[in-house]
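Note sheet for the following structure.
Remember, it's 1-based here, ligands and their atoms both numbered in the order they're listed.
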Amino acid sequence: MEQNQDSKFEQSFLPMTSIGSGIGISVLPDVYCYTNQIVNLAAVGDQAGFVLIDTGMPKAADEIKEMLAERFGENARPQAIVLTHGHFDHVGSLVELLEEWRVPVFAHELEIPYITGQKDYPPGDPSVDSGLVAKISPMFPNHGINIGNQVQPLPQDGTVPHMSGWKWIHTPGHTPGHISLFREQDRTLIVGDAFVTVKQESLYKVLTQTKEISGPPRYYTTDWNAAFESVKKLQALQPETAITGHGLPMSGEELTENLRYLVNNFKEVAQPKHSRYTN
Ligand SMILES: [Zn+2]
Ligand SMILES: [Zn+2]
């Protein structure tokens with residue numbers, strides 16, 4: 001990557017940190033959800049071995065290592081990192097973490113060009129919502145990072161390396177190679193940004209983590225038809241627990257009802273009326 005791009009990425013300023021920042025929730029005995037500023041990452045497994053799902057915001061590597069040490073023991077390092085997608089708030093500290101950990105990184109093959117410096121995402125679209133986060137979204141870094149050959153495509157058969165019992169599910173729309181992770185046994189879903197439980201465009205709701213089911217963050221989503229299909233695909237799995245890329249985890253009846261509401265009202269609830277990417 002170009003040096004200036006690199007530093008631009010590192011210096012990305014975000015004037016926001018939610019009240020949940022720095023807080024971890026043991027959603028299940030082996031599934032941990034941690035909030036870094038405005039984004040969630042997950043760690044799945046135990047002290048014998050775990051996988052890190054997404055890597056938070058830029059400059060969060062030390063915080064992430066501390067969080068993992070607290071949960072899994074000193075110098076804990078994952079067996080692998082799985083990326084739901086390559087947006088800056090999900091791969092923010094990846095390069096820095098990999099400097100210390102020589103661990104494999106897995107992503108969908110359609111997302112790999114954005115992680116190997118070949119493609120940039122379209123810039124955030126401020127016209128999708130009146131909320132402040134949407135308005136400042138063009139400031140967010142949209143260029144792909146480059147970790148070269150350290151990233152590998154997820155296995156074709158749907159399995160997830162080092163995560164026995166889990167399958168990856170292609171949930172495009174928010175990005176072309178977006179994935180979610182599902183464990184059939186207890187119907188646990190790690191959603192990424194295919195849908196979220198906070199209205200991500202609104203600064204107030206992001207900061208207070210007000211629970212409200214929503215489609216993928218609007219300012220970044222480019223293919224709304226695919227996004228809708230992806231939400232329907234996830235609803236059909238009848239998840240019992242969902243950890244989303246933004247907002248608090250949701251489970252049980254609350255999750256079932258909210259997902260049904262989102263699917264039945266997708267256009268009104270999720271889709272922006274005006275967007276650079278809808279027409
Ligand atoms: Zn995203
Ligand atoms: Zn996100």
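The nearest N, O or S atom of H85 is closer to the Zn ion (ligand 1) than 2.8 Å. At least one N/O/S atom of H174, from backbone or side chain, sits under 2.8 Å from the Zn ion (ligand 1). Among the atoms of H87, no N, O or S atom falls under 2.8 Å of the Zn ion (ligand 2). At least one N/O/S atom of D193, whether from backbone or side chain, sits less than 2.8 Å from the Zn ion (ligand 1).
Here the rule is side-chain contact (heavy atoms from CB on, under 4.5 Å) with L83, and of L154, L94, I53 only L94 fits it.
Angle NE2 (H90) to the Zn ion (ligand 2) to OD2 (D89): 100°, rounded to 10°.
Between the side chain of T241 and the backbone N or O of T188 there is no donor-acceptor pair closer than 3.5 Å.
When only modelled atom types and interatomic distance are considered, E212 and T210 share no side-chain donor-acceptor pair under 3.5 Å.
Rounded to the nearest 0.5 angstrom, D62 CG and M67 CE are separated by 12.5 Å.
H87 and Y220 have parallel rings, their planes meeting at less than 30° on a 0 to 90° scale where 60° marks the start of perpendicular.
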